[in-house]
Amino acid sequence: MSIERVVVLGAGTMGHGIAQVAAQAGCQAALFDVDPAVVESGLAKIAADLEKGVSRGKVEAADRDAILARVSAADADLAVAVAEADLVVEAVPERIELKRSIFETLGSAAPATAILATNTSSLPIARIAEASGCADRVVGMHFFNPVPRMALLELVRTGATSAQTVEAARAIGERMGKSVIVVKDSPGFATSRLGLVLGLEAMRMVEEGVASAEDIDTAMELGYRHPMGPLKLTDLVGLDVRLGIAEHLAEVLDDRRFAPPAILRRLVSEGKLGKKSGQGFYDWSAS
């Protein structure tokens, strides 16, 4: 199927980035959020990111204008917002009952041909999909932050996801400029499961005084060619997000590997959530 109209639910960090790459791929992209101010902020961030691209010579001014013309605020009523969508991408907070509630609405409100995707990084896609009543059209589309610059898209298929849905999701992902991998619906998928093990061990090393956060990150960046160290990445993803994933994987997989270290729980309890709060393993207040 041809995907030309994309609606993104949740206009926060991930949501507005997904809307941006959809518009860059030539789609009409609409941003929905329960808070209209978050939508306006998301649209402003898209404009600012594209303006930065123009100033650096990476985006033509005419392309910037064309992309911005394809991005808009969705109707404030969810059912109306998705009524003509070819693809709906849910990017709301990682709470499964919230996601299930949204997919229950999508199952009846979105067109019968629409692909329904969730951007969850660790929650079981099958449990989200069953709420929709059309699990064959539901797929995980796990983007990475910052969405416009990260090359990977992890597609997650359940036992009920149709081959047509997977191939259509792959095609739109490639149109967005992403390298697409397909994984089975299992706890943590591939990326969260692998990345979290490294991140949690790095946190334990800071906790034990093995090395500073900066030196641990430098070790991985220069010694193993990681583009970003695990602690800086944790700050970018959000310490609260990583804590939630760790708790989930510790419960369903293995408490020894995924149990959140005390330093992570402490920083989250202190409101030090990473870049979005200005402080995490690094000080972001000046950036």
Side-chain angles (χ1 to χ4, degrees), residues 13-14 17-18 91 94 96 117-128 139-147 149-159 161 166 169-170 173-174 176 178-208 210-211 213-265 267-268 273-275 280-282:
T13 300
M14 296 302 296
I18 295 167
E94 293 282 80
I96 195 160
T118 174
N119 181 57
T120 181
S121 57
S122 66
L123 297 176
I125 309 296
R127 280 210 62 210
I128 296 170
V139 65
M141 293 185 73
H142 180 204
F143 291 86
F144 296 81
N145 185 30
V147 179
R149 275 168 283 289
M150 295 295 280
L152 181 66
L153 172 61
E154 183 178 41
L155 293 185
V156 186
R157 57 174 177 79
T158 73
T161 307
V166 172
R170 185 199 296 273
E174 291 174 349
M176 293 174 179
K178 305 303 181 185
S179 293
V180 180
I181 64 171
V182 179
V183 304
K184 175 183 169 184
D185 183 22
S186 59
F189 316 138
T191 53
S192 292
R193 187 166 169 176
L194 288 169
L196 191 63
V197 168
L198 179 60
L200 294 177
E201 187 59 25
M203 295 175 206
R204 294 186 188 102
M205 291 169 67
V206 172
E207 196 170 56
E208 295 165 10
V210 173
E214 293 86 350
D215 285 350
I216 292 168
D217 279 350
T218 298
M220 298 310 298
E221 290 165 5
L222 301 185
Y224 290 86
R225 294 191 173 184
H226 287 206
M228 182 181 294
L231 296 167
K232 189 173 291 183
L233 179 61
T234 293
D235 272 9
L236 193 61
V237 170
L239 276 70
D240 54 335
V241 173
R242 284 225 141 166
L243 175 59
I245 296 170
E247 290 175 331
H248 172 65
L249 294 186
E251 179 182 353
V252 300
L253 281 179
D254 186 338
D255 188 59
R256 293 170 300 170
R257 285 181 292 166
F258 296 103
I263 190 172
L264 177 60
R265 292 191 183 280
L267 290 171
V268 171
L273 308 181
K275 187 174 182 180
F281 286 98
Y282 290 83

Run the side chain to side chain contact (heavy atoms under 4.5 Å, CB included) check on Phe258 and Glu251 step by step: do they pass?
CA-CA 8 Å; Phe258 296 103; Glu251 179 182 353; over 6 Å; no
Decide side chain to side chain contact (heavy atoms under 4.5 Å, CB included) for Ile125 and Val139; before the verdict, give the C-alpha distance in whole Å, the side-chain angles of both, and the deciding distance to 0.1 Å.
CA-CA 7 Å; Ile125 309 296; Val139 65; over 6 Å; no
Hey, mind stepping through Leu273 and Val268 against side chain to side chain contact (heavy atoms under 4.5 Å, CB included) and telling me if it holds?
CA-CA 6 Å; Leu273 308 181; Val268 171; 4.1 Å; yes
Using side chain to side chain contact (heavy atoms under 4.5 Å, CB included), reason through Leu231 and Met203 one step at a time and then give a plain yes or no.
CA-CA 7 Å; Leu231 296 167; Met203 295 175 206; 3.8 Å; yes
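Judged purely by atom type and a 3.5 angstrom limit, Asp185 has no side-chain atom pairing as donor or acceptor with the backbone of Pro124.
To the nearest 0.5 Å, the span separating OG1 on Thr234 from OH on Tyr282 amounts to 10.0 Å.
Pairing each heavy atom of Asp217 with each of Lys232, the nearest pair is OD2-N, 2.9 Å. In plain terms, the two heavy atoms of Leu152 and Phe144 that are nearest each other are O-CD1, 3.3 Å. Nearest heavy atoms, Leu249 versus Gly188: CD2-N, 3.5 Å. A pairwise comparison of heavy atoms in Leu243 and Leu264 identifies CA-CD2, 3.8 Å as the closest pair. For the residue pair Val237 and Arg242, the shortest heavy atom distance occurs at CG1-CG, 4.1 Å. The two residues Thr120 and Glu94 come nearest to each other via the heavy atoms OG1-OE2, 3.0 Å.
At a threshold of 4.5 Å between non-hydrogen side-chain atoms, the residues Arg265 and Glu247 count as touching. In this structure the side chain of Met176 never reaches within 4.5 angstrom of the side chain of Leu153, judged on heavy atoms.
Under a cut-off of 6.0 angstrom, the local environment of NZ in Lys275 is sparse, with at most 12 non-hydrogen atoms contributed by other residues, nucleotides or ligands.
Note that Lys178 lies outside the cation-pi zone of Phe143, set by a 6.0 Å cut-off to the ring centre and a 45° limit from the axis.
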Side-chain atoms of residues 191-198: list all donor-acceptor pairs with protein atoms under 3.5 Å, sequence neighbours left out, distances to 0.1 Å.
from, atom 1, to, atom 2, distance (Å)
Thr191, OG1, His142, ND1, 3.4
Thr191, OG1, Glu154, OE1, 2.6
Thr191, OG1, Glu154, OE2, 3.4
Ser192, OG, Ser121, O, 2.6

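Applying the salt bridge (Lys or Arg N to Asp or Glu O under 4.0 Å) criterion to Glu201, with sequence neighbours excluded, gives Arg204.
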